[in-house]
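Residue numbers count from 1 along this sequence. Note that the structure is a prediction, hence the values are computed from the model and not measured. Any value given below was found using the heavy atoms of this structure, including those in side chains, with hydrogens, waters and symmetry copies removed.
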Amino acid sequence: MQQRSLGATGLRVSRLGLGTMTWGRDTDEHEARDQLVSFVEAGGTLVDTAAAYADGHSEELLGSLIGDVVDRDDVVLATKAGLGLRKGKLRVDTSRGRLLSTLDASLRRLGVDHVDLWQVHTWHDGVPLEETLSALDLAVSSGRASYVGISNYTGWQTAQAATWQRAVPGRTVLASTQVEYSLLNRGIEHEVLPAAEATGLGVLAWSPLGRGVLTGKYRTGTPADSRAATSQFSSFVGAYLEERSAGVVEAVARAAEGLDLSPLQVALAWVRDRPGVTAPIVGARTAAQLASALETEDVELPGEITAALDDVSAD
């Protein structure tokens, strides 16, 4: 698998990332093991998790496999902080104290002394930005993180955070931003992508398959074993089960048929090769689902297909 530099840093990552949001909840240890092994054997390095995923169980499961199933040096380990469950409710807290204590807990669950990329999971109006960013500086200076980034920031938030870190020598320059991006959600093209390019940030695209809708699995209904059939993800996926999205899905399916590819591969290759994108993050429930994504490494979409998909999916 090809490797790319993450923004204007020396960190190299595979141009496809492995997401673990379902690990420890929908994906058990056997499927997780198979996914990680096949990903690394295919040349993948970037493995992304978060303290909030499955309330820490994703990190625990990943940690149980590092050093046992794959060598620590074979993966670029990324996690996030700033979201978490308290008394059963999802809370945002990007204060310095909470971020650093969450990082320490992540390191314990992962069984490592540092992560390669530590990201603030989301913006929070209730905490001064400079306080949030000071936690990133401390994480790097203490050796608990090698590189740092942000996630789910708007364009102006991205520009402000990246500029703040570059303003004074000694601060840790941001390496990346992780945001949703797919043929069904191109909103970041207006402000986030230009801000990332201007400030030297790599872009990690989450949900590059449009929350699973671009695979075509929902063209004729909602499969019983799909995320849309669960109470936890029904509204999350349902946001893209509308008329405009259906038109884009049909265009992807037609392109896939003409190229003898799967809709997943067409949609994923489109995101992977967009200007500014370092790597899409693919979260598969099973190893079989991941296998199709890994085969995208050899896919290059013809220019006319890319142009057609651009037109049909334009905002």
Side-chain angles (χ1 to χ4, degrees), residues 4-13 15 17 46 48 50-52 76-83 92-103 106 114-181 185-208 271 274-281 315:
R4 292 172 171 173
S5 295
L6 187 61
T9 73
L11 181 60
R12 302 277 290 176
V13 300
R15 65 174 184 169
L46 177 60
D48 182 75
V76 175
L77 190 55
T79 193
K80 299 180 281 293
L83 282 178
V92 179
D93 189 344
T94 61
S95 63
R96 180 172 51 244
R98 174 60 64 177
L99 287 175
L100 291 173
S101 64
T102 301
L103 174 58
S106 291
H114 77 283
V115 292
D116 300 297
L117 177 65
W118 188 47
Q119 305 149 97
V120 180
H121 209 148
T122 190
W123 176 276
H124 183 34
D125 286 328
V127 176
L129 176 62
E130 55 269 31
E131 178 181 338
T132 296
L133 295 176
S134 71
L136 303 184
D137 294 332
L138 286 168
V140 173
S141 64
S142 65
R144 288 177 277 183
S146 299
Y147 296 87
V148 291
I150 53 178
S151 178
N152 300 313
Y153 277 32
T154 65
W156 72 264
Q157 292 166 353
T158 301
Q160 185 179 25
T163 301
W164 178 273
Q165 290 303 96
R166 288 181 175 274
V168 177
R171 290 182 182 143
T172 303
V173 174
L174 299 182
S176 62
T177 180
Q178 187 172 153
V179 283
E180 184 175 8
Y181 190 31
N185 189 336
R186 297 177 59 184
I188 68 167
E189 293 177 359
H190 302 300
E191 294 186 359
V192 176
L193 282 181
E197 179 182 11
T199 54
L201 303 188
V203 174
L204 304 175
W206 64 263
S207 206
V271 175
R274 297 300 288 177
V277 171
T278 302
I281 307 293
D315 292 339

Problem - Gap separating the CG atom of Leu6 from the CZ atom of Arg12, nearest 0.5 angstrom - result: 10.5 Å
Handout entry: Sub-4.5 Å side-chain heavy-atom contact between Leu136 and Leu174
Key = yes
Practice task
Could you tell me whether the side chain of Lys80 reaches within less than 4.5 Å of the side chain of Asp48, counting heavy atoms only?
Solution key: yes
Exercise for the section: State the OG-CD distance between Ser151 and Glu180, to the nearest 0.5 angstrom. Expected result: 10.5 Å
Handout entry: Rounded distance [0.5 Å steps], CG in Leu99 versus CH2 in Trp118
Key = 5.0 Å
Handout entry: Verdict with supporting geometry, Gln178 and Ile281, side-chain contact (heavy atoms from CB on, under 4.5 Å)
Key = CA-CA 9 Å; Gln178 187 172 153; Ile281 307 293; 4.2 Å; yes
Handout entry: Side-chain heavy atoms of Trp123 within contact of Thr132, under 4.5 Å
Key = no
Handout entry: Side-chain heavy atoms of Leu117 within contact of Ser176, under 4.5 Å
Key = yes
Problem - Leu138 vs Arg96 side-chain heavy atoms within contact, under 4.5 Å - result: yes
Problem - Heavy-atom closest pair, residues Asp116 and Ser146 - result: O-CB, 3.7 Å
Practice task
Compare all side-chain heavy atoms of Asn152 with those of Thr122 and state whether any distance is below 4.5 angstrom.
Solution key: yes
Practice task
Check Gly17 against Ala279 and note the closest heavy-atom contact, atom names and distance.
Solution key: N-CB, 4.3 Å
Problem - Atom pair CD (Gln119) and OH (Tyr147), whose distance is rounded to the nearest 0.5 Å - result: 14.0 Å
Handout entry: Which atom of Ser142 lies closest to which atom of Ala139, heavy atoms considered
Key = OG-O, 3.2 Å
Problem - side-chain hydrogen bond (donor to acceptor under 3.5 Å, both in side chains) partners of residues 160-169, not counting sequence neighbours, each pair once - result: Asp137-Gln165
Practice task
Would you indicate whether the side-chain heavy atoms of Leu100 and Arg144 approach each other to under 4.5 Å?
Solution key: yes
Problem - Over 12 foreign heavy atoms within 6.0 Å of CD, Glu130 - result: yes
Practice task
Look up atom CG in Leu46 and atom CZ in Arg15, then write down how far apart they are to the nearest 0.5 Å.
Solution key: 14.0 Å
Fill in the blank from the handout: Which of Val203, Leu193, Leu204, Thr278 passes side chain to side chain contact (heavy atoms under 4.5 Å, CB included) with Thr177? It is Val203
Exercise for the section: Measure the CD1-OG1 distance between Ile188 and Thr154 for me, rounded to the nearest 0.5 Å. Expected result: 12.0 Å
Exercise for the section: Check whether any side-chain heavy atom of Gln157 sits under 4.5 Å from a side-chain heavy atom of Ile150, and report yes or no. Expected result: no
Exercise for the section: Please identify each residue that fulfils salt bridge (charged side-chain N to carboxylate O under 4.0 Å, His left out) with Asp93, with sequence neighbours left out. Expected result: Arg86, Arg98
Practice task
Return the minimal non-hydrogen interatomic distance between Tyr181 and Val271, and the atom names on each side.
Solution key: O-CG2, 3.9 Å
Exercise for the section: For Ala195 and Gly155, work out which heavy atoms get closest and say how close. Expected result: CB-O, 3.7 Å
